[in-house]
Amino acid sequence: STAMVGLAYCDDYTQLAAALGLWSIGSSMLSTAPLAHLSDKVDDAKRAQAIALLRTCGDVGFLIGATGIGALADWTGSLETAMQ
């Protein structure tokens, strides 16, 4: 999340590349760790359903987040306000 906040303050391509690199490292850790933990804790018979639920919750979060930021931008009349 620090890298995502940093994206708003990037002034040149070097800073942008560094922030995106940090974001990709964090994203890769956040996508594999919960999946590995879930695979260890859930029985084989229910593993597919658990993984599907995990992925669905993440997708719904992306949809709600994007919709919320769009609504905030419309409500405030400024995309800059919504992104801060």
Side-chain angles (χ1 to χ4, degrees):
S1 65
T2 303
M4 290 182 76
V5 170
L7 289 174
Y9 299 102
C10 292
D11 294 327
D12 60 9
Y13 288 114
T14 305
Q15 293 174 354
L16 180 64
L20 288 174
L22 184 62
W23 185 13
S24 66
I25 291 169
S27 178
S28 67
M29 287 190 296
L30 288 175
S31 65
T32 55
L35 185 59
H37 181 70
L38 184 119
S39 295
D40 287 343
K41 298 294 181 184
V42 176
D43 294 333
D44 292 340
K46 294 186 178 183
R47 187 170 294 148
Q49 290 176 339
I51 291 172
L53 181 61
L54 177 70
R55 297 293 306 209
T56 300
C57 289
D59 293 344
V60 168
F62 279 124
L63 291 172
I64 291 172
T67 304
I69 290 296
L72 183 62
D74 284 344
W75 183 61
T76 61
S78 170
L79 182 60
E80 291 179 21
T81 303
M83 297 306 280
Q84 291 184 7

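Predicted model only: the values in this text are computed from it and were never measured.
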Check: V42 and I51 side chains under 4.5 Å, non-hydrogen atoms | no
Taking only residues two or more places apart in sequence, or in another chain, which ones meet D11 in a salt bridge (Lys or Arg N to Asp or Glu O under 4.0 Å)?
-> none
Is there a donor-acceptor pair closer than 3.5 Å between any side-chain N or O of S39 and the backbone N or O of L35?
-> yes
State yes or no: do L20 and Y13 share one hydrophobic cluster built from I, L, V, M, F, W and Y residues joined by side-chain heavy-atom distances below 4.5 Å, directly or via other members?
-> yes
Side-chain ion pair, D43 and K46, N-O less than 4.0 Å = no
Mind checking what makes side-chain hydrogen bond (donor to acceptor under 3.5 Å, both in side chains) contact with R55, not counting sequence neighbours?
-> none
For D59, side-chain hydrogen bond (donor to acceptor under 3.5 Å, both in side chains) partners two or more places apart | none
Please report the closest heavy-atom contact between L63 and T67, naming both atoms and the distance.
-> O-OG1, 2.8 Å
Supply the atom-to-atom distance L7 CG to L22 CG, rounded to the nearest 0.5 angstrom.
-> 9.5 Å
